[in-house]
There are 2 protein chains.
Amino acid sequence: MTVKITDVARHAGVSPSTVSYALSGKRPISAETRARVAASIRELGYRPHAGARALASSKSNVLAMVVPLRAGIHVPVVMGFAVSVVTSARAHDHDVLLVTQEEGEEGLRRVAESALVDALIVMDVQLDDPRLPLLRTLDRPSVLIGFPSAADGMTCIDLDFRAAGEVCVDHLAGLGHRVVGLIGSPPEVYVRQTSFAQRVLQGFTAAATRHGMTSTVHPCEATPAAAREVAERLLREHPALTGVVVHNEAVLDPLLDAFEHLGLRIPADLSITALCPDDLATSLRVPLTSIAIPSAELGEQAVNLLMRKLDGAPVPEATLLPARLTPRASTAHRLTG
Amino acid sequence: MTVKITDVARHAGVSPSTVSYALSGKRPISAETRARVAASIRELGYRPHAGARALASSKSNVLAMVVPLRAGIHVPVVMGFAVSVVTSARAHDHDVLLVTQEEGEEGLRRVAESALVDALIVMDVQLDDPRLPLLRTLDRPSVLIGFPSAADGMTCIDLDFRAAGEVCVDHLAGLGHRVVGLIGSPPEVYVRQTSFAQRVLQGFTAAATRHGMTSTVHPCEATPAAAREVAERLLREHPALTGVVVHNEAVLDPLLDAFEHLGLRIPADLSITALCPDDLATSLRVPLTSIAIPSAELGEQAVNLLMRKLDGAPVPEATLLPARLTPRASTAHRLTG
DNA sequence: TTCCCCCGTCGAAGCGCTTCGACATGGCCC
DNA sequence: GGGCCATGTCGAAGCGCTTCGACGGGGGAA
């Protein structure tokens, strides 16, 4: 059959425990022995049996990642995050098990209690998420992507969406704009109380109020048709509008299109800032001033937090990645007069 | 600590092996005993330890799924497929481990040889895929999404992309069109020899030849700018063009936009058929005549094939899902004269 | 009635690894 | 020079489950 640790031990002329220690480094092993063991491993093509390891050590070296598949979330962002989680986990010698949101709390319970995974990463957290109480009772560490309303005792990380909303408005205010609109996520995202959407909204509104600006908010379905409609309505209802913040990756191009059709030049007549991945912002007809959604960094940091928790180290309860605005060609000073 | 099988056995007044058999059904257990065991399990909240199970049975009940993260693949399709794989796997009491393409052959070898997974699903297969020889040597079953050039001994499944290309052209031919164009995937996809792109192209060309049509082919980057440029060039170089097949989900809306700008009405002046997910086809300004990319069905069938292989049952080497064209508003008879 | 076989259950032997205590060796300190 | 500690290695005991062989009892066939 396949080669096991006793085969390696025999081949290297040491005991199985020595091989194990040489592999894990949990006890000092002489350089010489270590080299001999390494050679035997290579020669025999030895690969520790994951199940045996998990059983003996009560560590599976597997992380669970719960991915959302619901309406209104931007798929590439999720995918980017997922890939970054897997890559980071691998850097820590861990693998990643994919769990769908659909499986709900039972899915989390299953993979955690069967010791299939050592820890969990949960995305798309809602303000009042039903999985929270469960996660508290599981004795496995977890990290949430997003902030629920009662996050005490949980470890949460996310882009600082509130700041993102503010920074966009600040930027527009600095350019002299006085009437601004927020084109947001699809309505169901707000209804669901997914926290990131709410927080952008709060930041947007707060900053607009602070600057004494006139502001308006429009959720928008993730279809080109909806985008055109929202653009039209926005301008009809607010003819003085000169600045727009878009928090909806899926409709950026259709929106630019629609504004163009409506006779507006960007940025001459209308300034636009967006919350979206950088590669999207730079691939449109007008390079957009934007705040990047750092899914890669988010995934990496989430994994780092989890590893620290697995090591028993203390971690901050809340981690907010700073909202960094990159000025591009879609924003300009308001034409006065 | 956590409750284990001996606890359940004691509580139910049976031996551990009886509990195991009651759970697995591998030996007959009286209905009465089974009920008693079930009650004890529920009462104690017992959950078998995955590692122990894997060690004892040499089955982990985990599938590996290799997802591509490369340029030119349409992310929502991959995501839909992934979700469907996880869901189907769960229906067969299996979990799914996410492996990135980036890890390459070593990743496959690792999860397979460490017995972390029982079987593998590999997406984005190239014509001459370096992972093939490896997969042949691994003693774990696998299913490929896509067809390599030498697929003997492998189990492959995919949409019948060649037929898809043909069906689109047949449809246009039936409507009287004589000059047709294919707007394809980004150039790197062809360079990489990803098989699906090639096969669409073959089908397209073969059908056009068969119908005696004039045809032209243009790869297209997945950006709105590229879409506009391709649309322009297409019409400039082939003024008589009246039918277009688009195999590039990312640029559908920009293309419609570009054709409109160029003064073409769809379908009056130009008929368009697409290969894309149904929800995309129906959410654009003009509902597109399209061939759906059935990622959900693909995922489900891939898992079914894998399960059959794990059971030692024979499976077909090649499975082609039929290309079904749904006529919508983007195609019409060519205006003659 | 006797033999056999099948049904339902048990006990014990692993699966391949980690980890703990023990032990041998060789400085180093006093 | 004897005691100690640090270093390097070994042996054995599990980790929690599955599975194989065995066994008792009851029913059908002869």
Side-chain angles (χ1 to χ4, degrees), chain A residues 1-38 40-41 44-62 93 110 112-118 139 310, chain B residues 1-38 40-41 44-62 93 110 112-118 139 310:
Chain A
M1 282 285 292
T2 68
V3 26
K4 40 203 184 201
I5 201 171
T6 51
D7 300 326
V8 175
R10 196 174 328 113
H11 187 274
V14 298
S15 78
S17 50
T18 299
V19 176
S20 178
Y21 286 125
L23 239 32
S24 70
K26 295 194 178 172
R27 283 202 184 173
I29 296 290
S30 68
E32 186 188 359
T33 305
R34 231 181 305 123
R36 206 141 32 84
V37 168
S40 297
I41 288 181
L44 301 180
Y46 169 66
R47 197 74 81 158
H49 186 289
R53 204 179 255 240
L55 177 56
S57 68
S58 38
K59 284 185 197 323
S60 67
N61 274 36
V62 175
D93 196 29
R110 183 175 54 80
E113 295 189 343
S114 69
L116 231 189
V117 306
D118 294 335
D139 56 349
L310 282 172
Chain B
M1 285 283 290
T2 68
V3 26
K4 40 200 178 202
I5 201 170
T6 52
D7 300 325
V8 174
R10 196 175 326 114
H11 186 273
V14 298
S15 78
S17 51
T18 300
V19 175
S20 177
Y21 287 125
L23 239 32
S24 71
K26 294 194 178 173
R27 283 200 183 175
I29 296 290
S30 69
E32 187 188 358
T33 304
R34 232 181 305 125
R36 207 141 32 83
V37 168
S40 297
I41 288 179
L44 301 179
Y46 168 67
R47 196 78 77 159
H49 186 287
R53 204 179 255 238
L55 177 57
S57 68
S58 39
K59 283 183 197 326
S60 67
N61 274 34
V62 174
D93 196 30
R110 183 174 54 81
E113 294 189 343
S114 69
L116 231 190
V117 306
D118 295 335
D139 58 348
L310 282 172

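Order of the sequence lines fixes the chain letters, A, B, ..., with proteins taken first and strands second; residue numbering starts at 1 for each chain. Since we're looking at a predicted model, the values are computed, not measured.
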[X] side chain vs [Y] backbone, donor-acceptor pair below 3.5 Å:
X: B:Asp7; Y: B:Leu44; result: no
X: A:Asp118; Y: A:Ser60; result: yes
X: B:Ser114; Y: B:Arg110; result: yes

(message) OP1 or OP2 of C:dT19 versus the side-chain N and O atoms of A:Lys26: is any pair under 4.0 Å?
(response)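 Yes, such a contact exists.
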
(request) Establish, with yes or no, whether the OP1 or OP2 oxygen of D:dT9 is under 4.0 angstrom from a side-chain nitrogen or oxygen of A:Ser15. (result)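 No, because none of the side-chain N or O atoms of A:Ser15 sits under 4.0 Å from OP1 or OP2 of D:dT9.
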
[X] [atom1] to [N] [atom2], straight-line distance once rounded to whole Å:
X: B:Leu44; N: D:dG16; atom1: CG; atom2: P; result: 15 Å
X: A:Arg53; N: C:dT19; atom1: CZ; atom2: C1'; result: 13 Å
X: B:Arg47; N: D:dC17; atom1: CZ; atom2: P; result: 13 Å
X: B:Asp7; N: D:dC17; atom1: CG; atom2: P; result: 9 Å
X: B:Leu116; N: C:dC17; atom1: CG; atom2: C1'; result: 14 Å
X: B:Ile29; N: D:dT18; atom1: CD1; atom2: P; result: 13 Å
X: B:His49; N: D:dT18; atom1: NE2; atom2: P; result: 12 Å
X: A:Leu55; N: C:dG14; atom1: CG; atom2: P; result: 17 Å

Selection from [options] that lies nearest to any side-chain heavy atom of [X]:
X: A:Thr33; options: D:dT9, C:dC10, D:dG16; value: D:dT9
X: A:Ile5; options: C:dG16, D:dT19, C:dC17; value: C:dC17
X: A:Pro28; options: D:dC17, D:dT9, D:dG8; value: D:dG8
X: A:Ser57; options: D:dT19, C:dT9, C:dT19; value: C:dT19

(request) Could you say whether A:Ser30 or B:Tyr46 is positioned toward the 5' end of DNA chain D, judged by the nucleotide with the nearest heavy atom to each? (result)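 Nearest nucleotide further toward 5': that of A:Ser30.
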
(request) Kindly give the heavy-atom pair with the smallest separation between B:His11 and B:Ser40, and that separation in Å. (result)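 Answer, listing the atom of B:His11 first, then B:Ser40: ND1-OG, 2.8 Å.
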
Return yes if the base of [N] and the side-chain atoms of [X] contain a donor-acceptor N/O pair under 3.5 Å, otherwise no.
X: B:Ser17; N: C:dG11; result: yes
X: B:Tyr21; N: D:dC20; result: yes
X: B:Arg27; N: C:dT9; result: yes

(message) Once rounded to the nearest 0.5 Å, what's the spacing between atom CZ of A:Arg53 and atom CG of B:Leu55?
(response)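 Going from the CZ atom of A:Arg53 to the CG atom of B:Leu55 covers 13.0 Å.
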
